[in-house]
Colleague: 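Pasting in a structure now, in structure tokens, and then I'll have a few things to ask.
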Amino acid sequence: MQDGLKLDLNRLVRKQFIKPGANIGVRGITWTHSYWGEVATGAISADMSGQADGWFRIQLGSLDQRIILVSRPRHFGGRQWYFVCPVMNRLASVLWRPAGAIRFCSRQTWGRQVAYHSQFNDATNRAHAGKARIKSRLIANLDPDEWDFPPKPKWMRWATYRRYEVRYDQLEDVLDSGCLSLVAKLTAK
């Protein structure tokens, strides 16, 4: 999923690309990636001047898609706007366009065709990622290569630190068992 394009309606409102209660003209939009830089550019326009419905239009290369918008009342006042998925006809705050797709649709539309990279990780990769995540939370401004398990930060409670320590040890056990099974496979031949 992260290699595709994403339309997040709430983020578009927060960044003032579109405005509830107003009809905006055409505005430019750019998708960027932290490593590759600019990924795609296009133009959007939206009419959210109605009380309960409106539309959103995106033009991106050969893609020219118009998406229905609806709003629903919130429990504590105000209204929440949603895209109506063009395929599933269900409400969604976020629409995706995976690489190679010809339109934006809800995540449920793409089903098993799309997934995040992390969903394909095996136990070893998940354990490495978990250890790195715990280390990054504890390390502060210390050198990560200097510590197997960093000391408790001044601001952290001991109970929290011990919880991280236990989880770190569990992940270390997963990696150790993976190494042992690999050694057993290699020596069996």
Colleague: Is Val70 close to Leu91 at the side-chain level, that is, under 4.5 Å between some pair of heavy atoms?
Modeller: yes

Colleague: Phe149 and Glu165: which non-hydrogen atoms are nearest, and at how many Å?
Modeller: CZ-CA, 3.5 Å

Colleague: Between Ala40 and Leu5, which heavy-atom pair has the shortest distance, and what is it?
Modeller: CB-CD1, 4.0 Å

Colleague: Tell me whether the guanidinium CZ or amine NZ of Lys6 lies under 6.0 angstrom from the six-membered ring centre of Trp31 and within 45° of its axis.
Modeller: no

Colleague: Test: ring pair (Phe, Tyr, Trp, His ring centres under 6.0 Å). Region: residues 4-27. Which pairs qualify, not counting sequence neighbours?
Modeller: none

Colleague: Can you tell me how far CG of Leu9 sits from CG of Leu12, rounded to the nearest 0.5 angstrom?
Modeller: 6.5 Å

Colleague: Please indicate whether Ile68 has more than 12 foreign heavy atoms, meaning atoms of other residues, nucleotides or ligands, lying under 6.0 Å from its CD1.
Modeller: no

Colleague: Please indicate whether Gln16 has more than 12 foreign heavy atoms, meaning atoms of other residues, nucleotides or ligands, lying under 6.0 Å from its CD.
Modeller: no

Colleague: More than 12 heavy atoms of other residues, nucleotides or ligands under 6.0 Å from CG of Asp122: yes or no?
Modeller: yes

Colleague: Do we see a donor-acceptor contact under 3.5 Å between the side chains of Arg74 and Gln80?
Modeller: yes

Colleague: Any chance CD1 of Ile102 has more than 12 other-residue heavy atoms, nucleotides or ligands included, within less than 6.0 Å?
Modeller: no

Colleague: Would Ile44 and Val26 show up in the same hydrophobic cluster when neighbours are defined by side-chain heavy atoms closer than 4.5 Å?
Modeller: no

Colleague: Testing the basics here: between Tyr168 and Lys131, what is the closest heavy-atom pair and its distance to 0.1 Å?
Modeller: OH-CE, 3.3 Å

Colleague: Taking atom CZ of Arg79 as the centre, report whether more than 12 heavy atoms of other residues, nucleotides or ligands fall under 6.0 Å from it.
Modeller: yes

Colleague: Distance to the ring centre below 6.0 angstrom and angle to the axis at most 45 degrees; does that hold for Arg66 and Trp55?
Modeller: yes

Colleague: Look up atom OG in Ser45 and atom CD1 in Ile29, then write down how far apart they are to the nearest 0.5 Å.
Modeller: 11.5 Å

Colleague: About how many Å separate OG1 of Thr160 and CH2 of Trp155, when rounded to the nearest 0.5 Å?
Modeller: 8.5 Å

Colleague: Tell me the closest heavy-atom pair linking Val174 and Ala127, and the distance in Å.
Modeller: CG1-CB, 3.9 Å

Colleague: Sequence neighbours excluded, which residues qualify as side-chain hydrogen bond (donor to acceptor under 3.5 Å, both in side chains) partners of Asp64?
Modeller: Arg57

Colleague: Specify the closest pair of heavy atoms between Tyr161 and Pro153, including all atoms of both residues, with the distance to one decimal.
Modeller: CD1-CD, 4.3 Å

Colleague: Near Lys19 NZ, under 6.0 Å, is it more than 12 heavy atoms from other residues, nucleotides or ligands?
Modeller: no

Colleague: Tell me the closest heavy-atom pair linking Arg103 and Leu63, and the distance in Å.
Modeller: CA-CD1, 4.0 Å

Colleague: Please determine whether residues Leu60 and Phe56 belong to a single hydrophobic cluster, defined as Ile, Leu, Val, Met, Phe, Trp and Tyr linked transitively by side-chain heavy-atom distances below 4.5 Å.
Modeller: yes

